[in-house]
> 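To start, I am sharing the structure in question, which I have written as structure tokens.
Sequence positions, counted from 1, serve as the residue numbers for this chain.
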Amino acid sequence: MARKTSELGRFTDVALLVLISLAEGQKHGYRMIHDIEEFSGTALEPGTLYGALMRLEERGWIEPVETAERRKPYRITESGRDALREQLATLRRIEQAGVRRTAISWGLS
């Protein structure tokens, strides 16, 4: 019986999604929520997003951008880009191991 992906639960890290969103350019929270849903299919609640923004800012991986607007945009810092590159490299290794191990278990290797 085929299993629906939604039944597997969430395989996401909010901090990773935020860094990926901000790697494209500065954004405010509302725009990030829509961007993240568009590229990942993950719908974030504002509280979840703002908790992640606070933790990322504390780590120095993102920073607020001065603006005269009501909304507060953020941008990724150089150390945030480094952290993102490192995490994406880890995910690539995990993905490669998963593909290899799945192929072996299916007798395709």
> Check whether any side-chain heavy atom of M32 sits under 4.5 Å from a side-chain heavy atom of S21, and report yes or no.
yes

> Measure from the side-chain N and O atoms of T48 to the backbone N and O of L44, and report whether any donor-acceptor pair falls under 3.5 Å.
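No; zero donor-acceptor contacts below 3.5 Å.
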
> If only atom types and distance count, is the side chain of T77 paired as donor or acceptor with the main-chain N or O of G60 below 3.5 Å?
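Answer holds: yes.
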
> On a heavy-atom basis, which atom in L19 and which in G80 lie closest, and how many Å separate them?
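Nearest heavy atoms, L19 then G80: CD1-O, 4.2 Å.
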
> Rounded to the nearest 0.5 Å, what's the gap from CG on L88 to CZ on R93? Could you check?
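These two atoms lie 11.0 Å from each other.
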
> Using atom types as modelled and distance alone, determine if a side-chain donor or acceptor of T102 lies under 3.5 Å from a backbone N or O of G98.
yes

> Nearest 0.5 angstrom please: R92 CZ to Q96 CD, how far?
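If I round to the nearest 0.5 Å, the distance is 8.0 Å.
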
> Test your reading of the model: is there a side-chain donor-acceptor pair from K72 to the backbone of H28, 3.5 Å cut-off?
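Checked: no pair found.
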
> Can you give me the closest heavy-atom contact between I33 and P46, atom names plus distance?
CD1-CA, 4.0 Å

> Got W61 and I76 here, is their nearest side-chain heavy-atom distance under 4.5 Å?
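Side chain of W61 against side chain of I76, heavy atoms only: no contact under 4.5 Å found.
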
> Answer yes or no: does atom CZ of F39 have more than 12 heavy-atom neighbours from other residues, nucleotides or ligands under 6.0 Å?
yes

> From L17 CG over to E37 CD, what is the distance, rounded to the nearest 0.5 angstrom?
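Going from the CG atom of L17 to the CD atom of E37 covers 11.5 Å.
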
> Where is the tightest heavy-atom contact between Y30 and Y50, given as atom of each residue plus distance?
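Between these two residues, the closest heavy atoms are N-OH, 4.1 Å.
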
> For the residue pair R75 and L22, what are the closest heavy atoms and their distance?
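Scanning both residues, the minimum pair turns out to be C-CD1, 4.2 Å.
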
> Find the distance between CD (E63) and CD (Q26) and round it off to the nearest 0.5 Å.
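So the gap between those two atoms works out to 10.0 Å.
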
> Could you tell me which non-hydrogen atom of L84 sits nearest to which non-hydrogen atom of A23, and how far apart they are?
CD2-CB, 3.9 Å

> Would you name the heavy atoms of A15 and D13 that are closest together and state the gap between them?
N-OD1, 2.9 Å

> With the side chain counted from C-beta on, respond yes when L91 and L16 share a heavy-atom pair under 4.5 Å apart, and no when they do not.
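Heavy-atom side-chain distance check passes, below 4.5 Å.
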
> side-chain contact (heavy atoms from CB on, under 4.5 Å) between E24 and D35: does it pass, once the steps are laid out?
CA-CA 10 Å; E24 182 181 51; D35 181 47; 4.0 Å; yes

